[in-house]
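Below is one structure, written out as structure tokens; comments come after it.
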Amino acid sequence: MLVYRSYLIISIFIICGQNLFSQTSQKNNQKIKWGAYYFDGWTGTYPYHITPELTKSFSNRESKWGWITSSQEIMNEQIDLASNSGLSFFSFCWYYNGKEKYKNEPLNRSLSFYINSPNIGKLGYNLLVANHAGFIIGPDDWSTVCAEWINQFKSKAYLKIDGKPLITFFTLNTLVDKFQTEDKVKDAFNQLRRQAIEAGLKGVLIAVALGPNKKDISSAEACGVDILTGYNYHNAGFVSGKGIVPIENLQKKEVDVWNQFSKISSLPYIPVVTLNWDPRPWASTSKGYSDSPYFTGFSENSIYNSVFACKNWLQVNSNSTMKEKIGFIYAWNEYGEGAYLTPTKSSFNPLKGLKKALKN
């Protein structure tokens, strides 16, 4: 009887262990949804985007469609390209500059083209609220932006996690400054969630872009943020005293950044792949890029290595991220800052590196 009981216990342990391993394996092998940040500074409206320096000294960055890509036809093609290359969604940088002005803001034009595209069913989308200087959102704007966001959330193409739409804020600091306290920001976020439920949605998941800084993460937790993420982590790869840094250093340090989040907070984290950083074409603008260091070595192979590293991190660190695995890529078309996936007029096709990484 004792032998039988021991055998039974061992058998149950083995079966449970196998089930646990099977569940863990299924979770680790879950398909990752990859989204690329989309910046629509390519309308020709603002001279500080398509600068003379960009077109003359960095002509190798010009997309296959030219510098001005904000059109319906080009958006249709980009949706096809992104979808066929393994992306699941675009994360559109969304700008608010007034209760009526935002509707005609050129920086939001690409989103309109996307929504009106016959190809919308091939690729999802979500919003990155670019609430930095010049586009800061406060209490007086909140009812307006909530109504607009909820209208977007209702789209079948809008990215949802566990049935809830995901919205990302570029910065939390400007919200805290405008609302005056973290508690008031939390109340505003809860108002958005309530209104979404009243509109027939399951709620809203709110993410904020930041670095692995304890103070900033504590503020995010106090504001009731659901998810931590980022826009890019180019600063992590810089070396003190060096203006030109090999891109391999960025790739190594970025993994360290991802790992730090789980040590600081229990909130789930969506990692961001920083493809590159080289803002020299924008050095003459007010962005302060004149003295910014930059990376060398951006290539199809570097894109492969960057994306593959994030893919591996998501598989290994399931407990630190979302149940539905998401990865952000910086960026689809940040030509001024040197990070882009779009094919160029030259022989450079960054999407080859992306497709190879997602296939392996």
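Throughout, residue positions are numbered sequentially from 1 according to the sequence presented.
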Over 60° means perpendicular and under 30° means parallel, so classify the ring planes of H49 and Y46, tilted if in between. perpendicular
Are the side chains of T168 and Y231 in contact, using a 4.5 Å heavy-atom criterion? no
What is the minimum heavy-atom distance between G66 and T69, and which atoms define it? O-CG2, 3.5 Å
Please state whether the rings of W42 and W67 are parallel, tilted or perpendicular, taking 30° and 60° as the class boundaries. tilted
Quick check: are there more than 12 heavy atoms from other residues, nucleotides or ligands sitting under 6.0 Å from CG of D291? no
Between Y330 and H234, ring centroids under 6.0 Å: no
Can we call the ring centroids of F348 and F298 under 6.0 Å apart? yes
Angle between ring planes, F308 versus Y304, binned at 30° and 60°: parallel, tilted or perpendicular? parallel
W149 ring center near Y102 ring center (under 6.0 Å): no
So if you build clusters from Ile, Leu, Val, Met, Phe, Trp, Tyr with side-chain heavy-atom gaps below 4.5 Å, do I115 and V129 land together? yes
Residues E182, S219; criterion side-chain hydrogen bond (donor to acceptor under 3.5 Å, both in side chains); working and verdict: CA-CA 7 Å; E182 292 164 342; S219 179; 2.9 Å; yes
Measure the CG-CG distance between L192 and D187 for me, rounded to the nearest 0.5 Å. 13.0 Å
Centroid separation under 6.0 Å, is that true for the rings of Y289 and W277? yes
Are more than 12 heavy atoms, taken from residues, nucleotides or ligands other than E73, located less than 6.0 Å from that residue's CD atom? no
Taking the six-membered ring for Trp and the single ring otherwise, decide whether the centroids of F295 and F238 are under 6.0 Å apart. yes
Linking I/L/V/M/F/W/Y whenever their side-chain heavy atoms sit closer than 4.5 Å, directly or via other members, would L351 and Y335 fall into one cluster? yes
Do N97 and E105 have a side chain donor and acceptor closer than 3.5 Å? yes
At their closest point, which heavy atom of G336 faces which heavy atom of W282, and how far apart are they? CA-CE2, 3.5 Å
Out of L87, L354, I326, which one pairs with W34 under the side chain to side chain contact (heavy atoms under 4.5 Å, CB included) rule? L87
Would you find more than 12 non-hydrogen atoms of other residues, nucleotides or ligands less than 6.0 Å from D162 atom CG? no
Smallest separation among heavy atoms of G237 and V245, with atom names: O-CG1, 3.5 Å
For N131 and L175 the tightest heavy-atom approach is ND2-CG, 3.6 Å
Using a 6.0 Å cut-off, check whether atom NZ of K355 has over 12 heavy atoms from anything other than its own residue. no
Mind telling me whether W332 and Y38 have parallel, tilted or perpendicular rings, with 30° and 60° as the class edges? parallel
Answer with yes or no after comparing the ring centroid distance for F135 and Y96 against a 6.0 Å cut-off, counting only values under it. no
Any side-chain heavy atom of L267 sitting closer than 4.5 Å to one from Y269? no
Approximate separation, where rounding is to 0.5 Å, of F189 CZ and L205 CG: 12.5 Å
Check this for me, if you would: do E53 and R280 make a salt bridge, where the nitrogen-to-carboxylate-oxygen distance has to be below 4.0 angstrom? no
